[in-house]
4 protein chains.
Amino acid sequence: MTEEVQRARRLPRAVRERQILDAAVQVFSRYGYHTASMDEISEVAGVSKPMIYTYLGSKEDLFAKCIRREATRLLEAIQDGVKPELPPDMQLWHGLRSFYRFVADFRESWTVLHRQALTVGGEFAAEITAMRTRAIELVAALVVNAGARKGLAEQAEFSGEGLSAALVGAAESLADWALDHPDVSDGVLASWLMNLVWLGFNDLVEGDVWKPTA
Amino acid sequence: MTEEVQRARRLPRAVRERQILDAAVQVFSRYGYHTASMDEISEVAGVSKPMIYTYLGSKEDLFAKCIRREATRLLEAIQDGVKPELPPDMQLWHGLRSFYRFVADFRESWTVLHRQALTVGGEFAAEITAMRTRAIELVAALVVNAGARKGLAEQAEFSGEGLSAALVGAAESLADWALDHPDVSDGVLASWLMNLVWLGFNDLVEGDVWKPTA
Amino acid sequence: MTEEVQRARRLPRAVRERQILDAAVQVFSRYGYHTASMDEISEVAGVSKPMIYTYLGSKEDLFAKCIRREATRLLEAIQDGVKPELPPDMQLWHGLRSFYRFVADFRESWTVLHRQALTVGGEFAAEITAMRTRAIELVAALVVNAGARKGLAEQAEFSGEGLSAALVGAAESLADWALDHPDVSDGVLASWLMNLVWLGFNDLVEGDVWKPTA
Amino acid sequence: MTEEVQRARRLPRAVRERQILDAAVQVFSRYGYHTASMDEISEVAGVSKPMIYTYLGSKEDLFAKCIRREATRLLEAIQDGVKPELPPDMQLWHGLRSFYRFVADFRESWTVLHRQALTVGGEFAAEITAMRTRAIELVAALVVNAGARKGLAEQAEFSGEGLSAALVGAAESLADWALDHPDVSDGVLASWLMNLVWLGFNDLVEGDVWKPTA
DNA sequence: GATGAATGAGTCTTCATTCAT
DNA sequence: AATGAATGAAGACTCATTCAT
């Protein structure tokens with residue numbers, strides 16, 4: 001037998017689980033939860049269907065495990081990028097860079113998280129929402145809290161929760177856009193968003209742009 | 001036969017089509033494209049399945065027609081709200097108000113457009129993207145063009161297309177948030193977004209808030 | 001198209017349901033609940049599988065409906081045979097004759113009821129037990145009550161419930177035996193059982209009980 | 001390694017086989033042949049699945065071996081109880097007592113033999129029938145032969161084989177009933193059955209037969 | 001114009017069984 | 001001797017879609 005085949009046989013469980021999850025993320029990201037078939041996942045994984053069920057459970061279980069693994073990866077990637085010793089705007093910028101780098105490096109992970117996780121409904125939506133919330137808290141705490149400290153919370157023109165939702169939406173939407181424009185670097189993407197949310201259009205129009213300082 | 005039954009029978013085609021589309025939007029918005037069943041749509045519409053196929057084609061056709069009808073409605077609602085004689089920021093604010101009013105008034109339309117249209121993939125994604133593009137062009141032209149006129153287009157810190165995508169994402173995300181907070185008026189939602197994109201966090205933190213002037 | 005095919009197409013629901021139940025009883029009786037496949041039932045019924053699910057529900061539902069229909073048939077057959085104006089022993093004899101006639105005429109019904117219903121467990125066992133109980137009450141009331149009236153209930157040598165169970169078991173077991181001996185008439189079968197249990201009961205009723213002597 | 005683990009490893013084949021058979025009887029009796037899974041049996045036995053196949057063959061083989069072992073046990077238990085020096089009725093009574101004691105002591109054995117063996121069909125049915133036959137011959141020979149000697153075999157009202165079948169059925173059915181009434185002793189159960197069938201046979205042997213009168 | 005009746009095709013899931021170590 | 005790893009085969013169930021009336 002060739003070494004190739006040797007390598008693929010009788011692997012320890014942990015390795016197989018990773019293989020399967022990798023294949024599942026790939027297939028789910030391409031076809032979406034409903035259209036994806038366990039048959040295709042097993043083919044891509046190079047593993048028979050029963051293994052999937054033995055190791056990872058039902059299709060829904062499998063999807064949940066994909067979502068959780070990729071979400072954890074994403075959050076860790078962002079957290080690793082943030083540098084707490086820097087001023088708030090730079091922290092935000094670094095966080096965003098990490099985010100866009102992750103999206104570029106792991107398109108499929110991002111697609112599964114952003115696009116496909118919504119299509120199942122119910123339990124997953126809740127999980128995804130929780131992650132979005134954690135994400136926004138992680139990244140936007142800097143900004144929103146800054147505002148809150150100044151008593152903005154009382155003004156109708158301001159709402160931490162609402163603005164957070166908007167900010168996350170903006171970042172995600174730009175990430176999608178970036179998927180079709182791979183030539184734009186993560187630093188630039190992060191800068192655009194900074195200019196939008198940090199300075200606002202008004203300042204932009206005045207020629208006042210935000211730039212990273214460190 | 002009673003008049004009740006009479007009314008349900010032998011209706012002109014246009015009326016039947018509307019009935020069916022209404023039911024389809026309702027069911028698609030609740031369950032999503034894949035989980036929705038033609039059986040349920042026909043039940044909700046009070047029409048047998050063969051009628052649906054005769055009048056509106058396959059499930060995919062039906063979904064496409066839902067998307068198109070609701071997208072048209074949304075765009076018209078926004079366009080009706082914009083007042084070209086006002087200054088750019090007020091135009092933007094009015095456009096956003098109309099948008100949020102529409103989302104509140106026609107939850108199902110919005111849900112189908114925003115959430116469910118993504119789950120099908122391929123052909124629909126393109127169509128939806130086209131509509132988002134039209135939307136962003138319609139609403140954000142004001143801002144972007146203003147910036148462009150000042151030569152911002154040449155700076156790496158600025159990208160009309162990218163920022164537009166971000167802006168639309170922010171507006172959509174806030175719309176979703178608003179679905180769970182029906183007590184927040186469309187005017188307030190629009191103001192929040194104005195403060196985010198028009199002034200930026202920086203000005204906000206300085207206590208400088210944007211307010212509608214007309 | 002031939003008339004044969006004509007007859008098989010577009011039948012009203014009630015007719016199809018009967019066809020399917022007939023086929024199901026046949027297949028279940030031959031293979032048992034677990035080994036029987038919906039595919040085979042649909043083939044035997046001359047109907048596609050979806051029809052079965054549409055009309056009669058899941059495999060378990062289908063089986064339950066078989067059991068209930070056949071049980072009802074059996075009980076009715078027995079009830080029709082009993083002649084209340086006759087003395088108790090003759091009533092019992094006629095009831096048994098009807099029972100054995102039914103078993104001979106509808107082997108499959110009997111097989112499903114007696115053999116296969118036990119194999120599913122849980123819900124069905126209860127239902128079958130209820131029917132056995134009704135059966136024994138129906139047929140053996142004559143005998144047992146006769147005994148009870150004479151104060152037998154107080155004796156350890158007697159137990160209405162236990163003896164009823166034994167009697168039913170005897171009748172069923174003889175029915176199974178009869179399936180392999182179709183030449184023995186229902187009248188003879190009934191007589192055998194009468195001689196086994198009636199003479200026994202008769203002595204019992206007279207207060208003549210058997211007791212161990214060593 | 002601990003002694004505990006030591007004890008579980010490298011056991012002589014005979015011991016392993018017994019372990020497995022014990023587990024199999026337990027699982028088969030609880031779930032029935034089809035619903036029982038080899039996985040569960042191997043778990044209960046504390047042995048890996050390949051061992052089962054190596055030692056005892058396929059699922060069907062395993063089941064057959066269960067049946068045979070338990071049937072042998074049952075027959076031996078009954079035989080041990082019978083005392084050939086006593087008169088026929090007492091022999092019968094002792095045999096029945098042994099039977100009911102076995103059923104009470106080894107519920108699972110009895111359940112597998114009586115309930116589950118029927119659900120497989122074909123080959124097993126034959127085997128079980130053979131055992132029932134041996135059982136009836138063993139226990140009822142006394143009675144039936146007594147009758148046969150008196151020339152009863154020629155009468156339509158009598159049939160050794162048929163009555164035997166009925167008698168076995170009665171005994172089995174009462175055994176099932178006894179499973180739900182553990183407070184009734186084996187002696188009482190045996191007495192009930194004696195009263196049902198012995199007094200009946202007794203009259204039969206005396207030539208006193210019941211005949212329909214109308 | 002309108003529909004009850006009917007199905008082909010495909011999906012998830014399970015289980016007995018066997019390698020390779 | 002013993003087992004974790006692996007799968008072929010099969011079964012229940014569903015759904016978009018179309019006749020025949």
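Atoms considered below: every heavy atom in the structure, side chains included; atoms not considered: hydrogens, waters and symmetry mates. By convention in this document, chain letters (A, B, ...) are assigned in the order of the sequence lines, proteins followed by strands, and residues within each chain are numbered from 1.
Place A:P12 and C:D39 on DNA chain F by their nearest nucleotides, and A:P12 ends up nearer the 5' end. For D:S48 and C:E60, each mapped to the nucleotide of DNA chain F holding its nearest heavy atom, the one lying further toward the 5' end belongs to D:S48. If A:Y33 and D:G57 are placed on DNA chain E by their nearest nucleotide, the residue sitting closer to the 5' end is A:Y33.
E:dG4 atom P lies 17 Å from atom CZ of C:R16, rounded to whole Å. Rounded to an integer number of Å, the gap from CG of C:L11 to P of F:dA20 is 14 Å. The distance from atom CZ of C:R10 to atom P of E:dT3 is 15 Å, rounded to the nearest whole Å. Rounded to an integer number of Å, the gap from OH of C:Y53 to P of E:dA6 is 18 Å. The interatomic distance linking C:Y31 (OH) with F:dG11 (P) rounds to 11 Å, in whole Å. Summarising the geometry, the separation between CG on C:L62 and P on F:dA12 is reported as 11 Å, rounded to the nearest angstrom. Summarising the geometry, the separation between CD on B:Q19 and P on E:dG1 is reported as 15 Å, rounded to the nearest angstrom. Between A:M38 atom CE and F:dA12 atom P there is a gap of 20 Å when expressed in whole angstrom units.
Across F:dT17, E:dA2, F:dC13, the shortest atom-to-atom separation from the side chain of B:K59 is found for F:dT17. When the nucleotides F:dC15, E:dT11, F:dT7 are ranked by their closest atom to the side chain of A:S37, E:dT11 comes out on top. Here F:dG8 is the nucleotide among F:dG8, E:dA6, F:dA6 with the atom lying nearest to any side-chain atom of A:P50. Each of F:dA12, E:dT3, E:dA6 was ranked by its minimum atom distance to the side chain of C:K49; first place goes to F:dA12. Side-chain atoms of D:M51 lie closest to F:dT3 of the nucleotides E:dT17, E:dT7, F:dT3.
Contact annotation for D:R13: no contact, since no heavy-atom pair falls under 4.0 Å across all strands. No engagement by B:T54 is indicated, since no non-hydrogen atom pair under 4.0 Å with the nucleic acid exists.
With D:Y33 as the aromatic partner, D:K59 meets the cation-pi criteria of under 6.0 angstrom to the ring centre and within 45 degrees of the ring axis.
Counting only heavy atoms from C-beta outward, the side chains of B:R69 and B:V25 approach each other to under 4.5 Å. In this structure, B:D61 and B:L56 have side chains that are not in contact, with every pair of non-hydrogen atoms separated by 4.5 Å or more. Side-chain contact check for A:S29 versus A:V112: some heavy-atom pair is nearer than 4.5 Å.
Base pairing annotation: E:dT14 forms a Watson-Crick or G-U wobble pair with F:dA9, both donor-acceptor distances under 3.5 Å. Base pairing of F:dT21 is made with E:dA2, judged by Watson-Crick or G-U wobble geometry with both donor-acceptor distances under 3.5 Å.
Shortest non-hydrogen contact noted between D:C66 and D:F28 is SG-CD1, 4.0 Å.
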